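Contents: one structure, followed by commentary.
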Amino acid sequence: MIQANQFLAPRLRGRFGALALALLSTFPVGARAADVSLTAPGADDKLTDKLEAASSVISAETNDLTTAQELLAAANADYRTMVQVLYDNGYFSPVVRIAVNGREAATIPPLNPPSRVDSIAIIVQPGPPFRFGRAQVAPLAPDTEMPDTFASGEPASTGAIRDAAGAGVEGWREIGHAKARVGDQRIVANHPAQQLDAEIDLLPGQRLRFGRMTITGESAVRREAIRRIAGFPEGEIYSPKQIQRVGTRLRRTGAFSSVALTEAEQPNPDRTLDYDVSVEDEKPRRISFGAEVSSRTGVELSAAWMHRNLWGAAERLRLEGRLRNIGGDEDIDGIFLVRLDQPARLGPDDNVFWIAELERQNKPHYSLTRFHLGGGVRRVFSDDLWAEASLQAGKNWADDAFGDDREFEMLTLPVKAQWDRRDNPVSATDGFFLEANMTPFLGLSGTASGARLVADARGYIGLGAEDRVVLAGRVQIGTVLGASLSETSPDMLFYSGGAGTVRGQPYQSLGVPVGGLTAGGRALLTASAEIRGRITDKISLVGFYDIGAVDSGQFVGSGSPRHSGAGLGVRYDLGGLGPLRLDLALPVDGDTDDGLQFYLGIGQAF
């Protein structure tokens, strides 16, 4: 750059020559990385890390900012950034100095930067941490829950002030004041006392009701169907939860790739608030594939085809097929099922569904062919809780320990409920999962009647920074009431062993002895425990122990047959799909001598 200026200088004269030289100096022909440093005397490591992470200068090379003008702009931006980070962490009398080639960055004219930047030194003096003196948000709606961090004597921060103001506004919105907002703010730093006084005025506005809902966007779903699914609460007192529920109902159909709800800028004269709902359609059809491998049952392949808007009312038709035991110990079997869901047929939270299943099961201790038809209703109570009930007619043909060519005809009334409070369904670190199934069955043509009950409970506790260690536990319990062991279709009885119950034990290896053969039990109890430790952002190691018991009676007791297994696993995080899972397990207690078992799949074991 210097050589270029020297070559042109004799040919430029007067003010135009000087201006040209100044402009040329802002476009260097070459650039090299500057020596960048940040020091924060008196700051702890956590605060220093936050300052470094927020600095535009420190990330300049990563963001390909290398010219003198770009580096000077980044340095000037860092004054505000450093102060904001300090305010957010409770330091309200900071001093920030940023030296570019030894000169304070703020004093360097932006149109006349240095020809090159060799060094940038950021020096941050946080000063003493402040605490809240006066901390007030008013007026507050009844039952408003304010954050504990915003109180006299607590460490002061702008984040705590924002949280408190947000909680105050949300409290008014929860009881119908949709246009509540923050009014005047009085924030004063008392430096000698090292206190921050914060007073926030709220403007609740009028209490409003829901007005009209308009629909925009091109959609193949009929407008009347969108309205029925949304269940917009026109005329009711405004509630943000109601609006969230409207959006959830529309997204739950799977028919839309985008759902946006926008409230009107101003309420109507009659104190109602209109909403605009904008939707964009998802692609109407989807094909998916899956695979799972285990040492005993071989490969399982699955495929599904789904139509998301069959007749223009967001109906969802799903065709699914699975092939199992490919290369496994048993003959190949599989299932083909059809399910049609019709949203909002009985109400915005009620889906009607129709199902048909044709399945062949070749299990270690029985073979069975089953065909079932039925229909039912699913009710969604919240984002976490749903239940469904159906009426089905079916027939089973079975060969098992009690004989060949046995037939079972029955009407069943399956009832299923699920409560899912996990933070992540595919790889939970906190929360719980509860599922209960009850299937009363009425036997026809000589088939016995009874009921099958199954419960599945899972819990998760995260430990350490960012939940790098997770304790996970699972309990499964089941029983068959009414019908005797020999009168119950074998697919309704219980076995233990394999990936879903006790790893390290062969699949369905534990049952009830019957004349030298094995049948399923009328009662089941299994328990699993895992310790999951994250080694890197992607890789985790898992240690686990599983135990299971079955019984020919209705309940598992101390003398019931049981077995257990334990092992180690590795997980590789695949993002939204969950982790790629490999488990290696050995039997701990039981009669098997099959040795090492392995299991490969996607998602946690539970």
Side-chain angles (χ1 to χ4, degrees), residues 292 294 384-386 416-438 453-479 494-510 521 523-535 539-551 555-558 560-573 578-590 597-606:
E292 188 162 337
S294 78
D384 308 316
L385 178 64
W386 59 265
K416 181 178 181 179
Q418 188 179 103
W419 191 13
D420 190 349
R421 296 296 301 272
R422 294 174 293 183
D423 59 345
N424 183 346
V426 296
S427 187
T429 61
D430 184 68
F432 63 85
F433 172 93
L434 298 174
E435 183 176 280
N437 293 267
M438 180 178 67
L453 287 74
V454 180
D456 184 354
R458 313 173 194 180
Y460 309 86
I461 300 175
L463 303 175
E466 300 179 344
D467 296 329
R468 297 190 73 87
V469 175
V470 177
L471 305 180
R474 180 184 191 183
V475 174
Q476 298 177 84
I477 186 170
T479 185
F494 299 102
Y495 296 87
S496 181
T501 52
V502 177
R503 289 162 288 183
Q505 298 286 347
Y507 177 64
Q508 291 193 350
S509 57
L510 184 63
L524 170 75
L525 178 62
T526 71
S528 300
E530 287 192 351
I531 300 178
R532 306 169 182 171
R534 188 145 44 94
I535 307 304
I539 298 175
S540 299
L541 295 180
V542 176
F544 57 86
Y545 178 81
D546 304 334
I547 185 170
V550 298
D551 199 282
F555 303 102
V556 169
S558 59
S560 301
R562 67 190 63 213
H563 62 181
S564 60
L568 297 173
V570 63
R571 310 285 188 264
Y572 182 82
D573 186 19
L580 180 65
R581 179 181 81 253
L582 173 63
D583 285 338
L584 303 176
L586 288 168
V588 174
D589 183 36
Q597 309 282 312
F598 76 88
Y599 310 89
L600 180 65
I602 294 177
Q604 297 286 1
F606 60 88

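Remember, predicted model here, so these are calculated numbers, not experimental data. Just the heavy atoms: all of them, side chains too, but no hydrogens, waters or symmetry mates, feed the values below.
Separating the CG atom in L584 from the CG atom in L600 is a distance of 10.0 Å, to the nearest 0.5 Å. Rounded to the nearest 0.5 angstrom, I531 CD1 and L471 CG are separated by 6.0 Å. Note that OG1 of T526 is 6.5 Å distant from CZ of R474, once rounded to the nearest 0.5 Å. With rounding to the nearest 0.5 Å, the separation of OG in S528 from CD in Q476 is 7.0 Å. Remark: F555 CZ to T479 OG1 distance equals 5.0 Å, nearest 0.5 Å. Expressed to the nearest 0.5 Å, how far OG of S540 lies from CD1 of I535 amounts to 7.0 Å.
Using modelled atom types, no side-chain atom of R532 and backbone atom of S427 make a donor-acceptor pair closer than 3.5 Å. Within the 3.5 Å criterion, the main-chain N or O of I602 finds no donor-acceptor partner in the side chain of E292.
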Margin query: Test side chain to side chain contact (heavy atoms under 4.5 Å, CB included) on Q597 and Q505; report intermediate values, then the result.
Written below: CA-CA 7 Å; Q597 309 282 312; Q505 298 286 347; over 6 Å; no
Notebook entry, point to check: What's the verdict on side chain to side chain contact (heavy atoms under 4.5 Å, CB included) for I539 and V570, showing C-alpha distance, side-chain angles and the deciding distance?
Noted result: CA-CA 7 Å; I539 298 175; V570 63; 4.1 Å; yes
Note to self: Does R571 form a salt bridge (charged side-chain N to carboxylate O under 4.0 Å, His left out) with D583? I'd like the steps, not just the answer.
What the structure shows: CA-CA 9 Å; R571 310 285 188 264; D583 285 338; 2.7 Å; yes
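The two atoms that bring S560 and D551 nearest to each other are OG-OD2, 2.5 Å, heavy atoms only. Taking every heavy atom of both residues into account, R562 and G557 meet most closely at NH2-O, 3.1 Å.
Annotation for W386: atom CH2 counts as buried by contact number, over 12 foreign heavy atoms lying within 6.0 Å.
Scanning for side chain to side chain donor-acceptor pair (under 3.5 Å) contacts around Y495 gives an empty result, with sequence neighbours left out. For D467, the salt bridge (charged side-chain N to carboxylate O under 4.0 Å, His left out) test picks out no residue, with sequence neighbours left out.
Proximity of Q418 to F433: side-chain heavy atoms (C-beta onward) are separated by under 4.5 Å at one or more points. With contacts defined as side-chain heavy-atom distances shorter than 4.5 Å, the pair F494/V454 qualifies. At a threshold of 4.5 Å between non-hydrogen side-chain atoms, the residues V475 and L525 count as touching. Side-chain contact between Y460 and D430 is absent, with no heavy atoms from C-beta onward closer than 4.5 Å. N424 is not listed as a side-chain neighbour of T429, based on a closest heavy-atom distance of 4.5 Å or more.
Of the residues listed (V502, D589, V588), the one engaging H563 in a side-chain contact (heavy atoms from CB on, under 4.5 Å) is V502, and it is the only one.
At least one cation-pi condition fails for R581 and F606: the charged atom is not both under 6.0 angstrom from the six-membered ring centre and inside a 45 degree cone around its axis. Geometrically, R503 does not engage Y599 in a cation-pi contact defined by less than 6.0 Å to the ring centre and at most 45° from the axis.
Under a 4.0 Å N-O distance rule, the pair D384/R422 does not qualify as a salt bridge.
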